[in-house]
Amino acid sequence: MINLRKLESELWESADLLRAESKLTSQEYCMPVLGLIFLRYAYSRFRYVEAEIMKDRPVRNGRVLPVESIDFQQKSAIFLPEEARYEYLLNLEAGKVNIGEKVNHAMTLIEAESPQLSGVLPKTYTSFKNELLWELLRIFNNSALNDIQDDIIGRIYEYFLNKFAPAVASDDGVFFTPKSLVRMIVSIIEPKRGIVLDPACGSGGMFVSSADFTEQYGANANMAMTFYGQEKVEYNQEKVEYNAKLCLMNMAVHGLNAQIVSGDDANSFYHDHFGLEGKCDFVMANPPFNVDKVKSESTASAGRLPFGMPSVNPSKEVSNANYLWISYFYSYLNEHGRAGFVMAASATDSNGRDRDIRRQLVSTGAVDVMLSVGTNFFYTKSLPCTLWFFDKGKKLDLRDKVLFIDSRNYYTAVDRTLNEWSPWQMKNLNAIVWLHRGETEKYHTLVAGYCAALDMAADCTFAQRAEQLQQEIASVTAECKDAVAAAARKDKKRIQAQYDESLAAIQEKLTIAKEACWLTDKFGDGEYRDIPGLCKAATLQEIEEKNWSLTPGAYVGVEAQQADDVDFAERMREIHAELLTLQQQSDALMETISRNWEEMGV
């Protein structure tokens, strides 16, 4: 598994190196560093696709035919000429060649292979000393960048913004979309074919994830889908230029074709650049929250406001653009289109014209799912948010209902400041939507996946499997203690590490078993039902009764608590006694741990 925090730390050190050795501003050195990361990532994808091509490569005159550019085009990937490959650059001798010229040339060669990158890649590397560039190439020769499945460039870019330009990253309502939110949006709207639009496309993570989803079903994303992206944030042109270039780099390195526009023409408030109103099969976005000072007259002229304008202040400005975005997402969809987007939590219950727009929107029957997300899902902000989902092609029996899910207390803590959904947690939340839609076969496939991951016996329940794994952890822990105690001093660390690895594998399975219990305890054999504190399928009448609020917590309520008749004072005395016992056990355990470390010579 990639240690993103470690990777980001190394990249930050490289940026510090650039800052110390050059006279460039943060904006000037940010893109060259990201360009090197792009080169490294492009090389990883090149090697991956090359290996796939070579599996069935024909042989002529006793020799395997060499790969060519056309082979990579057929695989929707970029062919890298020899001098554009990271390994070639890494092996250059700093004292004999101008590495800056070589890197610039590599960028030019890649642009020639991928016309959509023309003029996008940085070519300012002759500004840096040879030794500095070679050191940067070495730093980015990190095995973590061999992973070609995730939006690594976007994660690194967001980290750079956080470190180098906090005003840009955190003061304008713009946040990098966390991977688990992107995947949740994609898994619920299920983009498989047609026109896909992200009118606030950032580094292109939504497109990459959509392509991955499509290809899981055996389709070629470039053949099945057409991607359109706009990137324009008011008062922040530097971020726009970085984002647009990063998006194009990210799309190209994944072998995806896209039409991306940036600058004034990409300002969604004033332009429908691609003329896609009513034409999109899928719309997904993480737009900037709470944008103000949007010119109302220009906005009204640009259209795509089927429910009218939000509130306009005396200065003829829209002081909060959240409902402009929401209206756009709805208006871009065709008669069967689906949308999924991130929005400020406050938008589900805002008043004034927002409520009237929300009333009209809900009355169309197109609001499909509302999912509350807890705090700390964003890198740079701790704010909560809500995922909104529209579906203009909903089944008739669901058109008068909206599924509300409150996931604020359901997540995995990555560290003290960052939360996410694990892959199994995402599948569980997705399963609620499947059952609501009547797609029970997907639920059963997920349950079968749990069984396979846990090596389940046919007559074993998930609760029983969890108990088995807990017992296994206890047994291996005791065995580890005895083995380390009996080992020679020089072998203690090695033996401890071996057992730690085994325990981690068992613990991972236990975590999976607990997630399986979480799901099947609630939905059994696969029938949707409202779960207090988690989910509710509310009717339009119920939503009207709550004054058109779309806040999930207002509908799902709180989890039922089991009533008890325990005497409070007596229970407090028992708890006090239990705490004293636990304290004594803790002290004894600390003594044992200290003794073991001393015996290991640590």
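The basis for the numbers below is simple: all heavy atoms, side chains too, and nothing from hydrogens, waters or symmetry mates. Computed from a prediction, not measured in an experiment: that's the story for all the values here.
In this structure, a donor-acceptor pair under 3.5 Å is absent between the side chains of D212 and Q216. With 3.5 Å as the limit, one finds a donor-acceptor pair spanning the side chains of Y410 and E515.
Checked for salt-bridge contact, R47 and E50 miss the test: no charged N lies under 4.0 Å from a carboxylate O. Ion pairing between R338 and E190 holds under the 4.0 Å rule for side-chain N and carboxylate O. Between E472 and K509, none of the side-chain N atoms (NZ, or NE/NH1/NH2) sits under 4.0 Å from a carboxylate O, so this pair counts as no salt bridge. In this structure, D406 pairs ionically with R408, as a charged nitrogen and a carboxylate oxygen lie closer than 4.0 Å.
In terms of modelled atom types and a separation under 3.5 Å, the side chain of Y555 and the main chain of S549 share a donor-acceptor contact. A donor-acceptor pair under 3.5 Å is absent between the side-chain atoms of T551 and the main chain of G553, judged by distance alone. The closest donor-acceptor contact from the side chain of T539 to the backbone of D400 lies at 3.5 Å or more, if one exists at all. Counting only distance, with no hydrogens or angles, the side chain of S209 and the backbone of M206 share no donor-acceptor pair below 3.5 Å. Side-chain atoms of Y323 come within 3.5 Å of backbone N or O of A347 as a donor-acceptor pair. Judged purely by atom type and a 3.5 angstrom limit, Y450 has no side-chain atom pairing as donor or acceptor with the backbone of F462.
Summarising the local packing, NZ of K401 is surrounded by 12 or fewer heavy atoms from other residues, nucleotides or ligands at distances under 6.0 Å. Within 6.0 Å of atom CD in E501, 12 or fewer heavy atoms from other residues, nucleotides or ligands are found, so the atom counts as exposed in its surroundings. More than 12 heavy atoms of other residues, nucleotides or ligands sit less than 6.0 Å from atom CD of Q507. The environment of CG in D482 is crowded: more than 12 heavy-atom neighbours from other residues, nucleotides or ligands sit within 6.0 Å. Applying the 6.0 Å contact sphere to CD of Q471 captures more than 12 heavy atoms from other residues, nucleotides or ligands. The environment of D525 atom CG is sparse: at most 12 non-hydrogen atoms of other residues, nucleotides or ligands sit within 6.0 angstrom. Open room surrounds CD on E527; 12 or fewer heavy atoms of other groups in view lie less than 6.0 Å from it.
With sequence neighbours excluded, the residues forming a ring pair (Phe, Tyr, Trp, His ring centres under 6.0 Å) with F341 are F329, W388, F390, listed by chain and number. Listed by chain and number, the residues in a ring pair (Phe, Tyr, Trp, His ring centres under 6.0 Å) with F282 amount to none (sequence neighbours excluded).
If you run side-chain contact (heavy atoms from CB on, under 4.5 Å) between F378 and each of N419, T417, N286, only N286 comes through.
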In residues 360-372, what donor-acceptor pairs under 3.5 Å come from side-chain atoms, sequence neighbours left out?
| from | atom 1 | to | atom 2 | distance (Å) |
| --- | --- | --- | --- | --- |
| Q360 | NE2 | F307 | O | 3.2 |
| Q360 | NE2 | D356 | OD2 | 3.2 |
| S363 | OG | R359 | O | 2.8 |
| T364 | OG1 | L361 | O | 2.6 |
| T364 | OG1 | A366 | N | 3.2 |
| D368 | OD2 | R437 | NH2 | 2.8 |

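Aromatic rings of F377 and W421 (six-membered ring for Trp) have centroids within the 6.0 Å cut-off, being under it.
Note that CD1 of I188 is 7.0 Å distant from CG of L387, once rounded to the nearest 0.5 Å.
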